[in-house]
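Report on the structure given below.
If you read the sequence from its start, that first residue is 1, and numbering goes on from there. What you see is a predicted model; the values in this text were computed from it and never measured.
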Amino acid sequence: MSTKSCDVLLLGGGMVGLSIAHQLLERGLTSSITILDKELELGLHSSGRNSGVLHAGIYYKPGSLKAKVCVEGARRLRSWIEERGLPLNPCGKVIVPQRAELDGQLDVLAERGRTNGAEVELWDADQLRDLVPEARTASGRALWSPNTAVVKPISVVRRLRQDLADRGVNMLEGQQGFEAQPEQQQLTLNDGTQLSYGHLFNCTGLQADRVAQLFGVGDQYTLLPFKGLYWQLKASCPIQPRTNLYPVPDLSVPFLGIHFTPSADSTPVVSIGPTATPAWGRENYRSLQAIEPGMAAKNLGVLARQYLANRGGFRRYVHEQAFLALPPLLIRAAQELIPAVKPEHIELSQKVGIRSQVFNRQTERLEDDFLCMPGPSSTHVLNAISPAFTASFALADLIIDQALPTLNL
Ligand SMILES: Cc1cc2nc3c(=O)[nH]c(=O)nc-3n(C[C@H](O)[C@H](O)[C@H](O)COP(=O)(O)OP(=O)(O)OC[C@H]3O[C@@H](n4cnc5c(N)ncnc54)[C@H](O)[C@@H]3O)c2cc1C
């Protein structure tokens with residue numbers, strides 16, 4: 001039986017785990033780092049399956065962790081991507097009200113964005129038409145974000161993994177299962193290897209609540225996964241927006257509404273999505289094989305209670321977003337932004353992701369912000385939903401700073 005040790009063990013090699021390793025190295029805190037992932041390849045979950053939008057920091061409640069890290073994180077990740085010549089489309093983004101009564105939300109978003117340090121401009125219908133001639137604003141106004149960009153998430157994950165491996169980070173991929181001994185600061189892997197650590201960061205995304213509970217952390221949280229399906233405009237479609245086109249979101253739920261997103265590279269693919277449909281399984285991407293019946297039954301109960309109590313305006317989510325995986329409803333939502341889009345213009349994309357959305361059983365609410373919870377010689381990152389990809393470098397610093405007094409480095 002072999003024994004290995006490291007100062008810092010990162011469980012999960014998505015953007016959050018990789019970025020913590022990156023920041024530990026950048027800050028010279030330690031180079032004794034191991035990243036352990038259950039998959040043979042990194043990027044198979046949210047970090048390789050998202051929209052690739054580098055968000056500008058507009059939506060988030062001032063004072064929230066999301067608001068604290070999004071603008072700075074986007075700036076740093078963008079420079080890192082540009083320095084390496086990875087695909088990046090600096091196309092900006094425009095938000096349009098799909099109904100006249102949503103016009104006032106543009107002012108709320110503009111105010112939030114400015115408070116968070118994002119650059120935003122209120123536009124009239126002519127300015128919108130100049131950029132996206134086919135787009136519609138129900139009120140004659142729109143909100144422009146010049147600093148939003150689109151990247152290719154899987155290329156970012158792969159390059160960051162490679163950079164870290166080149167700098168001596170120990171990568172343990174394909175490790176399906178371990179036994180945790182938190183008191184001994186040790187994991188026993190399936191092949192019997194004992195892995196001891198000074199501090200463990202749990203960055204396991206869709207599994208983070210389960211893993212945290214092995215360390216006695218976060219019993220009140222459970223994953224409520226929401227699937228994001230994407231469609232795309234066919235190459236033959238005469239409408240190909242050159243910028244991100246988003247609806248005014250319902251700020252009471254953590255989904256932004258289906259939107260048009262151009263690709264990061266020269267392939268002219270505009271995606272439409274993602275939907276936000278209950279997923280019935282943590283990694284239930286396509287087929288029905290990965291449905292978890294116990295979890296699905298529990299979550300159906302949670303969703304039904306949310307609907308009946310209308311907590312956080314949940315009924316509006318159900319009526320407007322829960323069924324957008326049905327093509328006629330998706331088309332209707334797309335037409336609210338671009339009326340000329342027709343069913344024959346779109347096709348289902350291969351891309352699909354599942355959000356690691358957490359539900360708090362005590363407050364009976366969906367958590368909106370990132371959760372960084374201390375445990376025995378460990379930190380547990382839950383609810384790393386959007387914009388955790390964008391914000392990852394700055395979020396990593398915040399997580400490290402919180403753990404620093406107990407790190408013993
Ligand atoms: C549909 C969709 C669209 C999105 N769009 C955007 C966007 O445009 N912009 C943005 O900023 N964010 C977006 N996000 C959010 C973003 O993708 C996530 O916030 C981010 O990728 C989270 O990274 P992570 O490292 O926490 O999780 P993940 O990328 O899921 O990584 C977790 C890793 O942990 C591993 N793991 C799990 N369990 C174990 C275990 N027991 N042992 C070892 N390893 C384990 C997994 O294999 C995985 O590699 C989107 C998310 C979705 C789902």
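Considering CZ of R75 and CG of L54, their distance stands at 13.0 Å, rounded to 0.5 Å. Note that CG of L9 and CD of Q186 are 11.5 Å apart. Values are rounded to the nearest 0.5 Å.
Aromatic pair H199/Y197: ring centres not closer than 6.0 Å. Between F314 and H319, the distance from one ring center to the other does not fall under 6.0 angstrom. Taking the six-membered ring for Trp, Y317 and F226 have ring centres closer than 6.0 Å.
In this structure, L109 and P249 approach most closely via the heavy-atom pair CD1-CD, 3.9 Å. Contact record, I154 with G48: CD1-CA, 4.2 Å, taken as the closest heavy-atom pair. The minimum heavy-atom distance linking G57 with V71 is given by the pair CA-CG2, 4.1 Å. Scanning all heavy atoms of the two residues, the minimum distance from A384 to V16 falls at CB-CG2, 4.2 Å. When all heavy atoms of Q23 and F393 are compared, the pair lying nearest together is CG-O, 3.6 Å. Taking each heavy atom of D369 and L65 in turn, the nearest pair found is OD2-N, 2.7 Å.
In the model, T148 has no side-chain atom that pairs as donor or acceptor with a side-chain atom of N244 under 3.5 Å. Checking D166 against Q162 by side-chain atom types alone, a donor-acceptor pair falls below 3.5 Å. For the residue pair E283 / Q207, a side-chain donor-acceptor distance below 3.5 Å is found, with atom types taken as modelled.
Comment: R141 does not engage D124 in a salt bridge, judged by the lack of any side-chain N to carboxylate O separation of less than 4.0 angstrom. E83 has no carboxylate O lying under 4.0 Å from a charged side-chain N of R78, or vice versa, which leaves the two without a salt bridge. The pair E364-R311 counts as a salt bridge, with a side-chain nitrogen and a carboxylate oxygen less than 4.0 angstrom apart. Classification of R332 and E336 as a salt-bridged pair fails, no side-chain N sitting under 4.0 Å from a carboxylate O. A salt bridge links R158 to E41: one of the charged nitrogens lies within less than 4.0 Å of a carboxylate oxygen. A salt bridge links D163 with R159; the closest basic N to acidic carboxylate O contact falls under 4.0 Å. A salt bridge links R161 with E173: at least one charged nitrogen is closer than 4.0 Å to a carboxylate oxygen. E320 and R99 are joined by a salt bridge, as a carboxylate oxygen and a charged side-chain nitrogen come within less than 4.0 angstrom of each other. Using a cutoff of 4.0 Å between basic side-chain nitrogens and carboxylate oxygens, D401 and R27 are scored as salt-bridged.
For the pair K93 and Y246, the cation sits on the ring face: its NZ or CZ lies under 6.0 Å from the ring centre, inside 45° of the axis. Within the cation-pi definition used here (under 6.0 Å to the ring centroid, within 45° of the axis), R361 does not qualify as a partner of Y221.
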For this session: Could you check I346 against I331 for side chain to side chain contact (heavy atoms under 4.5 Å, CB included), going step by step and ending with a plain yes or no?
Result: CA-CA 9 Å; I346 69 165; I331 281 287; 3.6 Å; yes
Exercise. Under the side-chain hydrogen bond (donor to acceptor under 3.5 Å, both in side chains) criterion, do T188 and Q181 qualify, and how do the steps go?
Worked result: CA-CA 8 Å; T188 304; Q181 290 103 23; 3.1 Å; yes
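Looking at H380, its side chain never comes within 3.5 Å of a backbone N or O of P374 through a donor-acceptor pair. Within the 3.5 Å criterion, the main-chain N or O of V248 finds a donor-acceptor partner in the side chain of Q98. Between the side chain of R242 and the backbone N or O of L131 there is at least one donor-acceptor pair closer than 3.5 Å. Using modelled atom types, one side-chain atom of S19 and one backbone atom of M15 make a donor-acceptor pair closer than 3.5 Å. Looking at S252, its side chain never comes within 3.5 Å of a backbone N or O of G313 through a donor-acceptor pair.
Dense packing is recorded around NZ of K351, with more than 12 heavy atoms of other residues, nucleotides or ligands lying under 6.0 Å away. Shown here is Q350, whose CD atom has no more than 12 heavy atoms of other residues, nucleotides or ligands within 6.0 Å. Within a 6.0 Å radius of NZ in K61, other residues, nucleotides and ligands contribute 12 heavy atoms or fewer.
L324 is not listed as a side-chain neighbour of T277, based on a closest heavy-atom distance of 4.5 Å or more.
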